[in-house]
Engineer: 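Please see the structure below; I have some questions.
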Amino acid sequence: MVRGFAALLVLVGLPMAAGGLWLLFLGGSWYYALAGAGLLAAAALLWRGRHLGAWTFWIVLAGTVAWTAWESGLDYWRWVPRLGLMVALGLVLALLLPRLDRPPRRRAVPVLAGSLAAVFVAAFALAFLPHGARQPGQVPAPGGLAQVPAAPGAQPKDAPAPGDWAAWGRDNAGTRFSPLAQITADNVGDLRRAWVFRTGDIPERNWGAETTPLKVGDRLYLCTARSQVIALDAATGEEQWRFDPGVDDASIPYTAACRGVAYYEVPAADTAASAAPACRRRIVSGTLDARLLALDADTGLPCADFGDNGQVDITVGMGDTPPGYVSITSAPTIVRGVVVTGHQVLDGQMRWAPSGVIQGYDAVTGRLRWAWDMLHPERDGAPPGPGEEYARGTPNMWTTAAGDEALGLVYLPMGNSAADYWSGLRTDIENAYSSALVALDVDTGRPRWHFQTVRMDVWDYDLGSQPTLVDLPTANGSVPAVILPSKQGDIYVLDRRTGRSLFEVEERPAPTGGVEPERRARTQPHSLYATLAQPELTERDMWGLTPLDQLACRINFRRASYKGLYTPPTADRHFIEYTGYNGGSDWGSVAVDPSRGVIVANYNDMPNYNILVPREEADRRGWAPREEARGGSLSETSAEGAGDPQAGTPYAIDVNAGWRMPVTGLLCKEPPYGGIRAIELTTGRTLWDRPFGEARANGPFGIRSGLPLDIGTPNNGGPAVTAGGLVFIAAATDGLVRAIDIRTGKTVWKDVLPAGGQATPMVYEAGGRQYVAIVAGGHHFMETPVGDYVIAYALPR
């Protein structure tokens, strides 16, 4: 048995010593080479049964403890890979001591073994305690800020009834705040499922519905993964009607998603002139095959006066649009009777992908009112003429806009030009509007102002979050403001009339180099209001299940190019993008409690490990645009950017999203991988911050651990806040929906969902009863179970 243990030490010590020497050569830590050599020496002595082998191991263990304390301080998660395996080996060795040439006293063995076992058990127990939470500020009491005022006779989307949720973000301002207060921190523990509805729409691949329903009057309205639109009784969940637009699976882009629909009431004057007065209350929704639908909210029948019998093809004028390349995955935004829609353009396929044109349609007739094609301002909003098309490859808006009815502006969070990781062919106009918030005049389709968050974006840092409109108190009175979260983590607060930042924005030097050194911006803007960004990575932040995979991550860290945020893309070695393209803040967006003046933001904290692949090598690997090489489908096992061809540029891109190890599947960065934070709206000060998401659905080798460790997981989907002082959120990979006390950041209720909850909850009232609803559809990218559930919770009657 002693020789077997010695052989185990060789299996551990040999790669530690060899890898440690490599790490030393790369300028990294000296520990692994020394520890590996010590383990090999211990193994050689133990093979001969010498007690000096045990002493050698104890010296290595003691040195490991000292080195870990020096390098990690009190950061619990850093201790796990550094000491877990070593303590376990020590426990086994303690039991083998009587078999050595000079065995210890009889009582020493159980004492030593028991002590090491106690350390192991204590360390495991400590994992269940919260780590990384902070609460530096006190949450303000209710009664502070007012919501954005709505004009008399306003649409429900601009002034929802207290019990309604009339737009994707509850209102066109995107606050995700409900004034309902029946459910509080004191009684939320009694929350139970009131009803469950199943849509029946479960894609076999690329699932991820991401849906937040609307509630207007006594009905819920939602769309499914493949763009079906359904109305439910708000109190019972019974289906009232359904419209299936017949979307073919070939049209599914990277994800079969429909985040939401829009609700519009035709004004009385327009109803009188309409050919279909029965369609006064209408649901407007997009489809994965790029159609805009208008349906009667009462019957589900197409509105005959809208476009061609209730639908409009948004690809008219776009030229060649292969299936899946142009999809409406987010709810349209309706301002002053204009349906404003962007669309998702399939990422990473080609430089000259279909246009990112923004279009405005008449909400009654479906007539195209204007089209903003940024490269053709001379058209003044008119569509292309014969033989022309909208400019290809321009930045698109795939997420949800916000709208200000009084100002007549719609706020567009823009993406970047096609071929995310190469900028050499972009025009000056594209560079100006890429990854920028654009305020568009809905009457003319012309930009009023824009605010750019990234210059010359080659990191896929498009703006994914819906902006949020608030009236911000300042020393000079209330200012109409827009809150703009970003994937890098910075949160900006702008005057929504002019685009001027209301808080300081600092220009900081940005890294240079990479494959296009002449194209990299010398400085990048940084918000001094608030940021979700974390400190830059160091070798100490590398993680793993054991010292061996942590060593591999350290070696890869040292081999890669990493110059901090905005590290330029490289082709000769990997480059680290931190944070990765999944946030910071992504499409789930933030929520704002206007009564307390608090922003609630959940966020991701993971790097990407990327490399540009020269065109010749990409061609050799068979990486070609989807319609050429993949038969109209993408693999549901691949992350976005993992082998994207970027045809028409010198390089393809290979993205390791989250920077996962190939064998264990664990992430190379230490936890947490996601968090949630409360921010004081008037100052940007953090009120509390904590890891978000349990490890129960995560583990090495793809094994679900089932452990409720508050490790902080990746998350997609956003929060909803209520006047009752609760934050409702799912989003994380742990399959839970939670209620969090906004005052403390502590979870006060949770339920296990039957599928992944990668969607934003909504809150409404029906029959005097407050409900919380969540769509649990799962997500292929987040690797959560697929489903088709709509679940509503309420207190017992």
Side-chain angles (χ1 to χ4, degrees), residues 154-172 176 178-180 182 193-201 209-225 227-245 258-266 271 276-287 293-303 306 310 331-334 339 363 720 722 728 759-777 788-794 797:
Q155 291 271 342
K157 62 184 175 58
D158 300 306
D164 283 0
W165 191 281
W168 185 72
R170 185 173 181 266
D171 45 34
N172 254 13
R176 277 161 283 280
S178 170
L180 299 178
Q182 188 181 92
R193 293 187 185 183
W195 54 260
V196 177
F197 174 80
R198 303 196 63 174
T199 70
D201 186 8
E210 304 177 356
T211 309
T212 299
L214 305 187
K215 190 268 182 178
V216 182
D218 58 1
R219 284 183 177 169
L220 263 59
Y221 302 97
L222 67 142
C223 52
T224 70
S227 310
Q228 296 179 31
V229 183
I230 301 172
L232 305 177
D233 184 287
T236 66
E238 295 179 1
E239 183 174 325
Q240 304 295 294
W241 56 256
R242 177 188 298 245
F243 180 82
D244 186 351
C258 181
R259 296 184 188 93
V261 300
Y263 176 85
Y264 183 71
E265 292 183 354
V266 179
T271 303
C279 207
R280 178 175 178 267
R281 302 183 336 112
R282 53 185 64 188
I283 301 298
V284 182
S285 183
T287 68
L293 310 175
L295 307 173
D296 190 314
D298 297 321
T299 65
L301 296 175
C303 297
F306 185 89
T333 301
I334 306 175
V339 180
T722 71
F728 289 100
T760 301
M762 48 91 72
V763 181
Y764 67 93
E765 180 270 331
R769 197 178 185 197
Q770 181 178 341
Y771 293 80
V772 178
I774 178 74
V775 173
D788 63 341
Y789 300 87
V790 185
I791 304 173
Y793 297 88
R797 292 188 184 276

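The residues of the chain are indexed from 1 along the displayed sequence. Just so it is clear, the structure is predicted and the values come from calculations on it, not from any experiment.
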Engineer: Could you grab the distance from atom OG1 of Thr236 to atom CG of Asp218, nearest 0.5 Å is fine?
Structural biologist: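 With rounding to 0.5 Å, OG1 (Thr236) is 9.5 Å from CG (Asp218).
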Engineer: So which atom in Asp164 and which in Arg170 form the shortest heavy-atom distance, rounded to 0.1 Å?
Structural biologist: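 Closest approach of Asp164 to Arg170: O-NE, 2.9 Å.
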Engineer: When you look at Tyr789 and Val196, which way does the side chain to side chain contact (heavy atoms under 4.5 Å, CB included) test go after all the steps?
Structural biologist: CA-CA 7 Å; Tyr789 300 87; Val196 177; 4.0 Å; yes
Engineer: Please tell me if the side chains of Val339 and Tyr264 come closer than 4.5 Å, counting only heavy atoms from C-beta onward.
Structural biologist: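 They are not in side-chain contact.
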Engineer: In Å and rounded to the nearest 0.5 Å, what is the CZ to CG distance from Phe243 to Asp296?
Structural biologist: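 Reported to 0.5 Å precision, the distance equals 12.0 Å.
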Engineer: Determine whether a donor-acceptor pair (N or O, by modelled atom type, separation under 3.5 Å) exists between the side chain of Gln182 and the backbone of Gly768.
Structural biologist: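 Side chain of Gln182 to backbone of Gly768: a pair is present.
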Engineer: Determine the sole option in Arg281, Lys157, Gln155, Arg282 for which the side-chain hydrogen bond (donor to acceptor under 3.5 Å, both in side chains) test with Tyr263 is passed.
Structural biologist: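 Checked Arg281, Lys157, Gln155, Arg282 against Tyr263; only one passes side-chain hydrogen bond (donor to acceptor under 3.5 Å, both in side chains): Arg281.
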Engineer: Using side-chain heavy atoms (C-beta onward) and a distance below 4.5 Å, is Trp168 in contact with Arg176?
Structural biologist: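 The answer is yes; the side chains approach within 4.5 Å.
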Engineer: Roughly how far apart are Arg280 CZ and Cys303 SG, rounded to 0.5 Å?
Structural biologist: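 Going from the CZ atom of Arg280 to the SG atom of Cys303 covers 12.5 Å.
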Engineer: Begin from the C-alpha positions of Trp241 and Leu295 and carry the test side chain to side chain contact (heavy atoms under 4.5 Å, CB included) through to its verdict.
Structural biologist: CA-CA 11 Å; Trp241 56 256; Leu295 307 173; 4.2 Å; yes
Engineer: Report yes if some heavy atom in the side chain of Tyr764 is under 4.5 Å from a heavy atom in the side chain of Leu220; otherwise report no.
Structural biologist: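 Answer yes - side chains close enough.
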Engineer: Can you name the nearest heavy-atom pair linking Leu232 to Gly237, along with the distance?
Structural biologist: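 Shortest heavy-atom contact: CD2-O, 3.8 Å.
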Engineer: Shortest non-hydrogen contact from Arg198 to Asp788?
Structural biologist: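 So the two residues come closest at NE-OD1, 2.7 Å.
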Engineer: Please give me the minimum heavy-atom distance between Thr211 and Cys258, naming the atom from each residue.
Structural biologist: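 Taking every non-hydrogen atom into account, OG1-O, 2.7 Å.
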Engineer: Does NZ or CZ of Arg193 come closer than 6.0 Å to the centre of the six-membered ring of Tyr793, within 45° of the ring's axis?
Structural biologist: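 Pair Arg193/Tyr793 does not count as cation-pi.
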Engineer: Give me the one residue out of Asp171, Asn172, Ile334 that meets side-chain contact (heavy atoms from CB on, under 4.5 Å) with Asp158.
Structural biologist: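 It is Asn172, the one option of Asp171, Asn172, Ile334 that forms the side-chain contact (heavy atoms from CB on, under 4.5 Å) with Asp158.
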Engineer: Considering non-hydrogen atoms only, spot the tightest contact between Val261 and Tyr221 and give its length.
Structural biologist: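 In this case the closest contact between Val261 and Tyr221 is CG2-O, 4.0 Å.
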Engineer: CZ/Arg242 to CG/Leu222 distance, rounded to the nearest 0.5 angstrom?
Structural biologist: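 Answer rounded to 0.5 Å: 8.5 Å.
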Engineer: About how many Å separate CH2 of Trp165 and CG of Leu180, when rounded to the nearest 0.5 Å?
Structural biologist: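 So the gap between those two atoms works out to 9.5 Å.
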Engineer: Looking at Phe306 and Ala363, what are the two nearest heavy atoms and their distance?
Structural biologist: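 Heavy atoms only, the tightest pair is CD1-O, 3.8 Å.
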Engineer: Would you say that Thr760 contacts Phe728 through its side chain, given a criterion of any heavy-atom pair below 4.5 Å between the two side chains?
Structural biologist: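 They are not in contact (no side-chain heavy atoms under 4.5 Å apart), so the answer is no.
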Engineer: Going from CG on Leu214 to CZ on Arg219, what distance comes out if it is rounded to the nearest 0.5 angstrom?
Structural biologist: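 Leu214 atom CG to Arg219 atom CZ measures 13.5 Å (nearest 0.5 Å).
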